[in-house]
Amino acid sequence: MAIREIVEFPDPRLRTKAQPVVAFDAELRQLVADMFETMYDAPGIGLAATQVDVHRQLLVLDVSEEKNAPMVIINPRIVSREGSQVYQEGCLSVPGIFADVERADRIRVEAHDVDGKEVVIEADGLLAVCIQHEMDHLTGKLFVDYLSPLKRELVRKKLAKQRRHAEPAAAGA
Ligand code: K2U
Ligand code: ZN
């Protein structure tokens, strides 16, 4: 297993539309293992393949308190949405930024599992938020896209400033 680099906003690679997974093979299983290791190490509760610069429709998540409920969702399609909820979201690709985002409260998702078997997932609450957040990544969309253009520009400038202040330390390391 390996911890992979997480691509950060405003890197244009995050805007790539992911292609369907067609090969349910050993290479896919290796990618899934690496994504879980990367997600738990971050730490996060979800990760889309886009974020590790692999442009396939694949996401991993684990919203459990005990970090013992991993889920792999491949080629997801939301087939029904109900209700509405607002959650203060963050993103491993937009470090240190948090904002309220409104999403559906309950969703039904048709997908494949890691063996290529068709599955149906009913989700609500935080699981529904996480799945919608990760599925946005697969279409090149980020939670900051729900902010006003002015707020998004402020986010971009804040991240650029964070990186400028971080680089001297890295250089001196
Ligand atoms: O896509 C990602 O960057 C993973 C997110 C998933 C997520 C974002 C917002 C709301 C739910 C899930 C990261 O896990 S952000 C870190 C985090 C950790 C605990 C709870 C919420 C967010
Ligand atoms: Zn994210």
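Every heavy atom of this structure was used, including side-chain atoms; hydrogens, water molecules and symmetry mates were not. Note that ligands are numbered from 1 as they come in the structure, with each ligand's atoms numbered from 1 the same way.
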Cation-aromatic face contact Lys141/Tyr146, 6.0 Å, 45 degrees: yes
Do the ring planes of Phe36 and Tyr40 sit parallel (below 30°), tilted (30 to 60°) or perpendicular (above 60°)? parallel
Separation between CD1 (Ile73) and CG (Leu61), nearest 0.5 Å, reads 5.0 Å
Does a salt bridge link Lys117 with Asp115, judged by any charged N lying under 4.0 Å from a carboxylate O? no
Taking 2.8 Å as the strict upper bound, the Zn ion (ligand 2) has protein N, O or S neighbours numbering 3
Using a 6.0 Å cut-off, check whether atom NZ of Lys151 has over 12 heavy atoms from anything other than its own residue. no
Any donor-acceptor pair under 3.5 Å from Asp124 side chain to Asp105 backbone: no
Leu31 side, atom CG; Asp25 side, atom CG - distance, nearest 0.5 Å: 10.0 Å
Is it the case that atom CD in Glu27 sees more than 12 heavy atoms from other parts of the structure closer than 6.0 Å? no
Donor on one side chain, acceptor on other, Asp136 and Gln132, under 3.5 Å: no
Protein neighbours of ligand 1 with a heavy atom under 4.0 Å, given by chain and number, are Gly44, Ile45, Gly46, Gln51, Tyr87, Glu89, Gly90, Cys91, Leu92, Leu126, Val129, Cys130, His133, Glu134, His137
